[in-house]
Amino acid sequence: MNSSIRPGILLIGNYPPPFGGAPKHLEDLVPHLVGRGWDVHVLSGGTSGIHRGQGFTVYKDARSTLPRRLGTAGFLARAAIRRRGGPAFGAARMLPLGVWVRTMTRVSLAAEIIAKHDIRVISAYNLLLGAPVGAIAAEMYGLPLVVTNLGEIYSHRAAIDRQLPIIRHIAETATVLTSLTSHCARSYRELGITRAVRVLHYGIDRERFADAAAGEEIRKRFGIPPSSDVVFYLGRLVRDMGLHVLLDGIPSLLARRPATHVLIAGGSGELHEAAKAAVSRWPGRVGLAVDVPEGELASYYAAATLVVAPTIGARACGSLASAEAMAAGKPVVASRIGGIPEYVSDGITGLLVPPGDADALVNAVIALLEDRSRLSEFGRRGRVRVAELFDGERTNAAIEGLFREVTGLR
């Protein structure tokens, strides 16, 4: 064990890049934990090796295939000799072979981290990925385990069913189950699991989005006049995020509001070419920015008149883009699906529309653009809602408080 007086925590989940979702949450949570005196270790996907920050370390397995296999085999042999295992270890034997190998490889890495550091608690994300690794490691070393599901029960049901024995075991034995919205907390019921789930929102840095003048440069970059309205989409360029719904609605929107501009930004995906086609069809009216630097996101929100979040998948536990938009004082038109209604309050901070309905999306956007007092009021109320529910300092403190609770630290 490390002799450091700082208690250790092992987080198992993807760490940026890419940004968005759990990776962005971890990027914000890690420095908070460090500031509160934790020795933070993050076991992430990826192959770029070990990265050390100020008070934390990120581990991404950079070994080639043969060393990885030999290392995992050695770990399993030592575990068998020392009779170090548990029910989760046994339940893992029912995983599909490829999944079992990947899981055990990551367990072997987790074991190395735990052996070298004073780890007091494991926090694992995603029932299909981080949670099995966390459950096995927690049982092997007698550590408390916090498990967070991210909506995968809704979106990956076939894979969930294939791994059901270990997932049921995890849900029944984890020290605490958490989710960032009530919607995703309820997803366990799909599996007949009725155990209580603690809802802990993920927060954002509100001050980062407070500069209303920051959008001027973005408007100049895309040739958008200061007086023109901008409908902004931020998210991966994929169907799950509903980009195709916005693309389908652009002809109607621009025909009915000729001075309006549509700005699309986000990580490249299967709809990248469709978005480029929209730019070509409406030059100067539709703009596209792919893989926007994290440091520019606030400026894009500031350039917007309102933000759309036309997500179509029930997996959406919430909407980071909606929270960031509200922090910037921008109304949101979003899908009434998943956990999004727990972010966007319909008729108060934005409007909710049926998922996949391009006409409803456009009608809601135009209704707000043509009612400036309502537009402004929604923006003001959005700032208040973010301060109450999604303030990063407050939400990170609540999550860190849970870690102290399960470890008995004060």
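Between Glu377 and Arg380 a salt bridge is recorded (basic side-chain N to carboxylate O distance below 4.0 Å). A salt bridge is defined here as a Lys NZ or Arg NE, NH1 or NH2 lying under 4.0 Å from an Asp or Glu carboxylate O, and Asp346 with Arg336 meets this definition. Ionic pairing of Glu172 and Arg168 is not present here: no N-O contact between side-chain nitrogen and carboxylate oxygen is shorter than 4.0 angstrom. Under a 4.0 Å N-O distance rule, the pair Glu324/Lys24 does not qualify as a salt bridge. Residues Glu216 and Arg219 are not paired through a salt bridge, judged by the lack of any N-O separation under 4.0 Å between the basic side chain and the carboxylate. Salt-bridge check for Glu296 with Arg221: passed, with a basic side-chain N closer than 4.0 Å to an acidic carboxylate O.
Taking both residues in full, the closest heavy atoms of Thr349 and Arg385 are given as CG2-CD, 3.8 Å, listed atom of the first, atom of the second, then distance. Taking each heavy atom of Ser252 and Val362 in turn, the nearest pair found is OG-CG1, 3.8 Å.
Ring geometry for Phe232 versus Tyr300: interplanar angle under 30°, hence parallel rather than tilted (30 to 60°).
Residues His51 and Tyr15 keep their aromatic ring centres 6.0 Å or farther apart.
Among the candidates Ile9, Val40, Ile399, Val34, the single residue satisfying the side-chain contact (heavy atoms from CB on, under 4.5 Å) test with Leu29 is Ile399. Paired with Asp39 under the rule salt bridge (Lys or Arg N to Asp or Glu O under 4.0 Å), one option of Arg52, Lys116, Arg6 passes, and it is Arg6.
Residues in residues 386-396 take part in these side-chain hydrogen bond (donor to acceptor under 3.5 Å, both in side chains) pairs, two or more places apart or across chains: Arg206-Asp391.
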Between side-chain atoms of residues 259-269 and protein atoms elsewhere (two or more places apart, or another chain), which donor-acceptor pairs fall under 3.5 Å?
unit_1 : atom_1 : unit_2 : atom_2 : d
Thr260 : OG1    : Arg257 : O      : 3.4
His261 : ND1    : Gly284 : O      : 2.9
Ser268 : OG     : His272 : ND1    : 3.0

